[in-house]
Amino acid sequence: MSDAPKIPQTEPRYSATFDKNTAAEIRRAAATGIYDIRGAGAKRKLPHFDDLLFLGASISRYPLEGYREKCGTDVILGNRFAKKPIHLKTPVTIAGMSFGALSGPAKEALGRGASAVGTSTTTGDGGMTPEERGQSSILVYQYLPSRYGMNPDDLRKADAIEVVIGQGAKPGGGGMLLGQKISDRVAKMRCLPKGVDQRSACRHPDWTGPDDLEIKIAEIREITDWEKPIYVKVGATRPYFDVALAVKAGADVVVLDGMQGGTAATQEVFIEHVGIPILAAIRPAVQALQDLGMHRKVQLIVSGGIRNGADVAKALALGADAVAIGTAALIALGDNDPHLEAEYNKLGTTAGAYDDWHEGKDPAGITTQDPELMKRVDPVKAGRRLANYLSVLTMEAQVIARACGKSHLHNLEPEDLVALTLEASAMAKVPLAGTNWIPGVTQF
Amino acid sequence: METITFDLDQHTLREVNQYLHSDAAELNGKTVTVANPNGSHNIAVGLKSDVNVTIQGHAGYYAAGMNQLANVVIEGSAGTGVAENMMSGRVHVKGFASNAAGATANGGLLVIDGDAGLRCGISMKGVNIVVGGSVGSFSAFMAQAGNLVILGDAGEALGDSLYEARIFVRGSIQSLGADCEEKPMDAESRQILVNLLAESGHQDADPDSFTLLGSARKLYNFHVDNAGDY
Ligand SMILES: Cc1cc2nc3c(=O)[nH]c(=O)nc-3n(C[C@H](O)[C@H](O)[C@H](O)COP(=O)(O)O)c2cc1C
């Protein structure tokens with residue numbers, strides 16, 4: 001009857017385990033039979049620099065005057081063995097990003113922006129382009145497993161050489177540049193037919209363990225007459241051992257990339273599930289350097305999710321000598337910009353979430369080889385935006401360092417930091433805010 | 001022709017390589033002999049002029065690595081990565097070569113009179129390699145371009161994930177890698193083989209006794225039905 005009591009319905013409830021993204025991925029996998037490949041880094045929330053805070057000065061410590069007292073930002077990289085170490089005005093460098101993944105104008109813009117503020121930029125898989133060599137006053141040349149585009153003339157043209165063992169987004173993984181992005185130029189540089197998927201190997205072809213690495217580094221030193229710093233880049237997995245082995249193998253600089261670090265194209269499952277966050281990797285890496293008496297002698301560059309001057313300052317306070325940025329630099333150039341929303345919508349996505357960089361259809365013209373799309377990057381203007389952004393990162397880090405009473409960014413130290421969460425406290429080995437407790441180090 | 005000798009019992013490796021990196025004007029046409037190499041690594045790496053180098057014995061890793069223009073003869077055997085990433089010139093190993101001989105090399109000619117170890121010609125990008133003996137497993141893995149001639153036998157997974165390189169084998173093959181298949185010997189390939197045999201001192205070898213291998217090109221663009229081959 002009409003006046004029968006209405007039975008309350010349960011609200012529709014989504015599963016936390018099988019949430020919308022998860023279910024959509026199951027459907028996509030079922031329809032296509034191939035794992036999801038995408039660009040960018042880990043997207044889920046991870047323990048990160050946001051979980052740390054600076055204490056600042058107080059009665060017991062006094063700050064530096066913001067506008068008068070100097071707070072140095074320069075850094076020297078590679079003075080262990082190299083005759084010509086690198087001098088940077090700011091400890092924020094541009095990470096290695098491949099030509100092929102990025103367009104020529106985007107590479108040029110990175111060079112322009114970095115050079116304007118006195119920092120370095122880095123080649124990537126696929127070799128060195130004249131655009132980036134021409135516009136980068138300090139250029140680091142990556143030596144990768146694929147050796148695509150690798151040649152000794154470019155090695156000699158570089159200011160430093162980075163032997164890439166791994167990347168934070170995919171430690172232990174190789175690369176895949178899908179056929180769509182293989183233009184004539186990319187194909188020629190990599191010595192492969194146009195339009196063919198390019199699988200980049202995950203291991204170097206001519207050496208295996210750490211003892212071989214030592215000989216390989218010696219070879220590169222011999223070829224370049226011991227002039228150029230040699231970096232070794234590793235994805236963050238077992239940082240204590242990897243850093244120790246890199247130092248033993250003769251590295252001048254170790255680059256440590258956490259799991260938030262971007263990639264041009266990797267399996268989603270790899271990006272989100274292999275490797276550790278940079279927050280958890282810095283202290284063991286620094287410990288390895290200290291145990292070997294090499295902290296500040298072999299420099300440590302860290303990367304993976306660096307966004308602002310606070311991140312820079314925190315990374316340095318934990319013991320790094322410099323940082324590298326990839327994703328943030330692309331955003332500064334114009335990647336995922338909201339003004340392109342209509343075009344992102346056409347690709348089935350939205351500004352801020354676009355990560356199908358491997359498809360080569362980037363409306364911003366950055367992660368593409370399409371000659372029309374890449375014209376959208378004005379290397380001068382985009383370079384200027386990057387330079388502005390790099391200056392902001394540096395100034396922000398200085399603001400924090402001065403507040404902590406430090407006359408150089410490198411004087412920041414773990415004692416300036418506390419953690420907001422137990423995880424961050426345990427990983428960064430700084431006390432939980434308001435306590436003296438560092439889980440795993442001190443008793444509660 | 002002027003000959004200069006470096007004795008690695010007396011000189012450091014650095015001195016040898018530094019000299020070998022002198023200007024072309026200093027080096028062109030000269031012969032440099034390296035005595036008592038005793039397996040030292042990185043001998044004659046990064047050469048970039050038309051100089052003749054003779055290594056009078058065994059060399060360690062990466063002998064003649066990244067060679068450009070130079071003509072390097074190793075009278076003994078060579079360690080891992082001989083002539084790796086060579087761009088041009090000629091490297092001749094009279095003994096055996098260890099793993100990854102000619103890895104990623106872009107050009108030039110690598111001649112190995114004896115056997116070569118694992119992964120000979122891995123990721124090669126245009127070099128020509130002639131091996132008088134046999135090659136180990138995984139040779140020509142992901143080989144992109146160039147020619148690998150094997151007068152003896154080949155180990156397992158020959159030419160795995162091959163791109164556009166050609167492989168010529170005279171002896172037996174333990175197994176082919178994914179996407180590597182036998183091809184009919186076309187006139188162009190046969191001519192390449194004839195030339196390489198002549199250039200490497202094997203002009204007596206009968207080109208018709210070789211099998212030509214190349215890429216089946218099934219892995220060129222990912223398809224789920226081939227997933228098991230990756
Ligand atoms: C588009 C793109 C291409 C990349 N290509 C390379 C590469 O060729 N070699 C490499 O070692 N790392 C590569 N990386 C990783 C960066 O060098 C760096 O480790 C990472 O971007 C740092 O993290 P972030 O993006 O959070 O700043 C690439 C990253 C991006 C975003």
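FYI, side chains are in, hydrogens and waters are out, and symmetry mates aren't considered; it's all heavy atoms of this structure. Just so it is clear: chains get the letters A, B, ... in the order the sequence lines come, proteins before strands, and each one is counted from 1.
- Annotation: K297(A), atom NZ; neighbour count of heavy atoms from other residues, nucleotides and ligands within 6.0 Å does not exceed 12.
- Annotation: K30(B), atom NZ; neighbour count of heavy atoms from other residues, nucleotides and ligands within 6.0 Å is above 12.
- Residue with the most contacts toward chain B among L155(A), D225(A), N151(A): D225(A) (heavy-atom pairs, distance under 4.5 Å).
- N17(B) and E222(A) form a side-chain donor-acceptor contact under 3.5 Å, judged by distance and modelled atom types alone.
- Heavy atoms closer than 4.5 Å to chain A are found in both the backbone and the side chain of R14(B).
- Both the backbone and the side chain of P205(A) come within less than 4.5 Å of a heavy atom in chain B.
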Stepwise side-chain contact (heavy atoms from CB on, under 4.5 Å) test for D153(A) and Q68(B): CA-CA 9 Å; D153(A) 290 329; Q68(B) 291 167 293; 3.2 Å; yes

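- Of all heavy-atom pairs spanning E84(B) and Y143(A), the tightest one is OE1-OH, 3.7 Å.
- Atom OG of residue S200(A) and atom CE of residue M142(B) lie 7.0 Å apart, to the nearest 0.5 angstrom.
- Heavy atoms of other residues, nucleotides or ligands lying less than 6.0 angstrom from CZ of R28(A) number more than 12.
- Chosen from H21(B), Q18(B), R217(B), the residue pairing most often with chain A at heavy-atom distances under 4.5 Å is H21(B).
- Shown here is H58(B), whose NE2 atom has no more than 12 heavy atoms of other residues, nucleotides or ligands within 6.0 Å.
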Verdict with reasoning, M66(B) to M150(A), per side-chain contact (heavy atoms from CB on, under 4.5 Å): CA-CA 10 Å; M66(B) 304 198 198; M150(A) 156 61 217; 3.3 Å; yes

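- Between P152(A) and K48(B), every side-chain heavy-atom pair lies at or beyond the 4.5 Å cut-off.
- Within the 4.5 angstrom heavy-atom criterion, no atom of N99(B) approaches chain A.
- Shown here for D206(A) and T80(B), the closest heavy-atom pair between the two residues is O-CG2, 3.5 Å.
- For NZ of K188(A), the number of neighbouring non-hydrogen atoms (other residues, nucleotides, ligands) closer than 6.0 Å is 12 at most.
- Contact record, P193(A) with E164(B): CG-CG, 3.6 Å, taken as the closest heavy-atom pair.
- At a 4.5 Å heavy-atom cutoff, the contact between R190(A) and chain B is made by backbone atoms alone.
- Geometrically, K216(A) engages Y62(B) in a cation-pi contact, judged by NZ or CZ lying under 6.0 Å from the ring centre and within 45° of the ring axis.
- Using a 4.5 Å heavy-atom threshold, the side chains of I215(A) and N42(B) count as touching.
- For L13(B), the parts sitting under 4.5 Å from any heavy atom of chain A are the backbone and the side chain alike.
- The CZ atom of R147(A) sits 9.0 Å away from the CD1 atom of I122(B) when rounded to the nearest 0.5 Å.
- Only the side chain of M87(B) comes within contact range of chain A, judged by heavy atoms closer than 4.5 Å.
- Nearest heavy-atom pair across S123(B) and S146(A) is OG-O, 4.1 Å.
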